[in-house]
Amino acid sequence: MALYSEKVMDYFMNPRNVGVIEDADGVGEVGNAKCGDIMKIYLKIKDDIIDDAKFETFGCGSAIASSSMATEMIKGKPLAHALQLTNKAVAEALEGLPAHKMHCSVLAEEAIKIAVKDYYDKNRIAYDPNQFPDLDHEEH
Amino acid sequence: MALYSEKVMDYFMNPRNVGVIEDADGVGEVGNAKCGDIMKIYLKIKDDIIDDAKFETFGCGSAIASSSMATEMIKGKPLAHALQLTNKAVAEALEGLPAHKMHCSVLAEEAIKIAVKDYYDKNRIAYDPNQFPDLDHEEH
Amino acid sequence: MKVYADNAATTRMSRVAIDAMLPFMDTFYGNPSSLHSVGQEAAEALQKAREIMAQHLGCEAREITFTSGGSEADNQAILSAAVLGEKKGKKHIISTKIEHHAVLHTLDKLSKQGFEITLLDVHENGIVTPQQVASAIREETCLVTIMYANNEIGTIQPIAEIGAICKEKGVLFHTDAVQAAPHLPINVNEQNIDMLSLAAHKFHGPKGVGMLYSRKGILLTKIIEGGSQERGNRPGTENIPGIISMAAAFEDACTHMDENSAKVSALRDKLIEELSKVPHSILNGDLEHRLPGNVNFCFEGIEGEALLLQLDRKGICASSGSACASGSLDPSHVLLAIGRPHEIAHGSLRLSLCESNTEEEIDYLLKVVTEEVEYLRNMSPVWRDLVSGKKQFML
Amino acid sequence: MKVYADNAATTRMSRVAIDAMLPFMDTFYGNPSSLHSVGQEAAEALQKAREIMAQHLGCEAREITFTSGGSEADNQAILSAAVLGEKKGKKHIISTKIEHHAVLHTLDKLSKQGFEITLLDVHENGIVTPQQVASAIREETCLVTIMYANNEIGTIQPIAEIGAICKEKGVLFHTDAVQAAPHLPINVNEQNIDMLSLAAHKFHGPKGVGMLYSRKGILLTKIIEGGSQERGNRPGTENIPGIISMAAAFEDACTHMDENSAKVSALRDKLIEELSKVPHSILNGDLEHRLPGNVNFCFEGIEGEALLLQLDRKGICASSGSACASGSLDPSHVLLAIGRPHEIAHGSLRLSLCESNTEEEIDYLLKVVTEEVEYLRNMSPVWRDLVSGKKQFML
Ligand SMILES: Cc1ncc(COP(=O)(O)O)c(C=O)c1O
Ligand SMILES: Cc1ncc(COP(=O)(O)O)c(C=O)c1O
């Protein structure tokens, strides 16, 4: 019973999609340094499809793995799909996270949603605000 | 730091003067089986000298060693000498007893004194009763 | 000849237990709380040890808390039940007069804190009946704690039946299985056990390691404060080599329980049969409901410590009453509880066997014990009085 | 390359410690409470171990109580002082904000029982001054408990001076020397220490064994009830192999204290000098009053756990904050107490060395730590904001 599953270690050690998209269509940043985790997701969107996704993360192993896995799960998928991504799905794709690290998958879910919202806002696309997390809350 | 000194073990393992003197001139018995120790000392006395001394003991290793050592310390000695034998002297001759076993040396001292008193009583020799332990007390 | 017949006091570590331990001293020496691989290797081994223990107790791994020994496990079980009881205003605890001091002294402490303690009497064979327990349980009872098998006289209690009564009445049931495990079968669910204590050094495992099983849902009270080891129930860096070794020894003993038990019981029965022939002696404990390795006799007219020292001189390691009580001048509370008078209780001998004892050793034991009892009787003024008719034999 | 740099979490058992232990597993395996020779051999070895510990602490053998570890020793010391204090109506205890959880959580428990606890602040280097202690002592103070050296940042406290103040004011002084011993000299009389805790696994001894020194005359409170082992202060069959092994490891370390300390300090100083060159990093703890083996840095813009995992992948075992706090998401209470903001405290790395670490290992450590800090900074949005000027550097 190692702390992390092999999948988590793989996505931490060999993170997919790490980096910045300079001309991103949507950017989402959640978390704060005081709590020890910040995630930033960059999206490149073409015809309602996520053409590219990248992340930057300040945080623990499972935070890095969660953001890496989350970007992989939405790349090439329609925006609607990205909006349906749950933290549970991220954690399951990682073959589980320790209970006290589940919040990392929540951050990944939120960062993606905020990035989509950013894209909608920038492009003045109408949406239901209730489907997005509240940026101002401080607890993670 | 074994429980008992080598001397105690020697006097327990190879007890000197164990046995009965059938025609003893004085016999002293102290202790009680409820407390786990009974000592009986037999004295043969000639011209105020302890010609022979033997013991029987129901009790632990240090009780047996104490009675054996005590009989040895008084054999061939004047009665006055036997009356001056202290439990401390017995314990010292045994190179020490554990604190919770010191009462065994007290029993040995008392048994000898009671045996001398028995001799005085049988032979109607006057003595100061205060120099003898009180037979009736139950604590040891 | 050297004969170790004091396995109820402690046992020699087995090869299995030592071999299991060694790699965790200088190869897998990590702290399981450390995130790095050396630490996580230790964490994995710890979890595996927990699973092994759980498997043989019929419980879940997370229901196991490793402790520093049997005493700590007993203390924690009882204190936890007391804290839970107190919250509900239930401050009555039931136990027996023949428990180990780790239990009795914990109950003394609770009694000073306002708990009411009922110590059940036992019958002459050392057994407490389920009916006694049933009648003692009240509305305010929060715990029944009764040992599986007694360390001095080897009596096995009807714990499954007692457990069933407790379950029915909604009272927690703890059993001190330090002497029972792994000589007797244990399945905490079938036997209705809520909490159970073990100590590794009683089954060829290491000293300084024990275990508390506690059914899930029972909130444990910490007796040591600190880090969050053992799900927060037992702070302090885990004794990994000790725990691994305990699990190996336990598994080994459980696997061989039937054959060991058959072998040891046969040796025991021979000892009991032959020693019963010593005049004015008596077996302590029950003949049938008895630990495979336990033999305990009282011999009239002699004192136990002297007998022990004589036996030791002939290479035999035995005990009189319980080893832990040494330093005390009172005879064993267990022998008094089964009705032995003080005079007789002082003259007790416990021989506790294990599967490495041999037939030849038993023959030697019989010869030497018989001789030494006679030798000491011959220098005992009590024996003289009995033989001469000045006093009456009690046995 | 494999580098174990987490010796403050636990150490690899030394050959000396293992060799001392082995014979007590299957040759001298007796229970010291047993009267027979196998038991008495164990009792003699136990006494010898006690004398060895006493000799190197400058105390008497009977002032030593063996426990299951450092946490238990800390708990027992503090509870004993509290019980003694309460009897005299003195219910105030002084400690610091950077103690181990074994101390802090015991104090929390006492605080719930009506004790008033003063946790002194420490300076940015982690030091508490004797003057702070002197001004905090009141009429009702029954105990000052301050660690000899801190487990996270390695800061050494002026315990002899603090002890002198306590002695003058008639207040008991306990020090948790779990990290200090046997790397720093200890003499309980010269340093005016009334109680002191040790744990064997921190100095290449076994896990599951510790020790409490308590000056004669101080009545200890049992935290485990049971038999009369350890002069009645610590019931439970003694962990003889563990205790013997602890004494051997302690003696070995005390004998080589000067050379080990010189060697380890040199390695430490090189690490500190070189890591200080990493931009936007800071050393935690005092440069001078520092454990020979402790190095602790904060690196801005990254998180400690991720760094640990990266280092582990390269064969380096290190720690971030204290191992025992793992499972918690809060940054180390010690780093917060020395004034590191949360953001910075999250990015800490502790490397703790011992005498078997080598120059080559240090070079490897330096190379890998520098690389991995840079790697993680490059994927950190915080670092990007700092570098781009969107946020201001704190370090
Ligand atoms: C300063 C300090 N005190 C107490 C302890 C507790 O010791 P143990 O885990 O051996 O109980 C530790 C180590 O974990 C420590 O570093
Ligand atoms: C029945 C029983 N309970 C508890 C204990 C205590 O175990 P330990 O000495 O390992 O703490 C013992 C053994 O001494 C025992 O025989």
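Naming convention: chains lettered A, B, ... in sequence-line order (proteins, then strands); numbering from 1 in each chain.
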Engineer: Based on non-hydrogen pairs under 4.5 Å, which of Arg12(C), Met13(C), His105(C), Met21(C) is most in contact with chain D?
Structural biologist: Arg12(C)
Engineer: With only heavy atoms counted, which part of Leu22(D) is less than 4.5 Å from chain C, the side chain, the backbone, both or neither?
Structural biologist: side chain
Engineer: Just by distance, no angles: are the side chains of Thr10(C) and Lys207(C) close enough, under 3.5 Å, to form a donor-acceptor pair?
Structural biologist: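 Yes, a side-chain donor-acceptor pair sits under 3.5 Å.
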Engineer: Among the options Leu311(C), Leu308(C), Leu309(C), Ile18(C), pick out the one with the most heavy-atom pairs lying under 4.5 Å from chain D.
Structural biologist: Ile18(C)
Engineer: If you tally heavy-atom pairs under 4.5 Å against chain D, which of Ala199(C), Ser37(C), Pro241(C), Gly236(C) wins?
Structural biologist: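 Counting heavy-atom pairs under 4.5 Å, the top option is Ser37(C).
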Engineer: With distance as the sole criterion, is a donor-acceptor pair present between the side chains of Asn7(D) and Ser352(D) under 3.5 Å?
Structural biologist: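 Ser352(D) and Asn7(D) do not have a side-chain donor-acceptor pair below 3.5 Å.
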Engineer: State whether a side-chain donor-acceptor pair under 3.5 Å links Ser332(C) with Glu152(C).
Structural biologist: yes
Engineer: Of the listed residues (His201(C), Lys222(C), His204(C)), which shares the most heavy-atom pairs with chain D below a 4.5 Å separation?
Structural biologist: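 The residue among His201(C), Lys222(C), His204(C) with the greatest pair count is His201(C).
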Engineer: Please classify the contact of Ser14(D) with chain C as side chain, backbone, both or neither, using a heavy-atom distance under 4.5 Å.
Structural biologist: neither
Engineer: For chain D, find which of Met25(C), Lys2(C), Arg313(C) contributes the most heavy-atom pairs closer than 4.5 angstrom.
Structural biologist: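 Most heavy-atom pairs under 4.5 Å with chain D: Met25(C).
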Engineer: Of Thr106(C), Ile117(C), Ile93(C), which is the lone residue that meets side-chain contact (heavy atoms from CB on, under 4.5 Å) with Ser111(C)?
Structural biologist: Ile117(C)
Engineer: Can you list the residues of residues 69-78 of chain D that sit under 4.5 Å from chain C, counting heavy atoms only?
Structural biologist: Ser71(D), Glu72(D), Asn75(D)
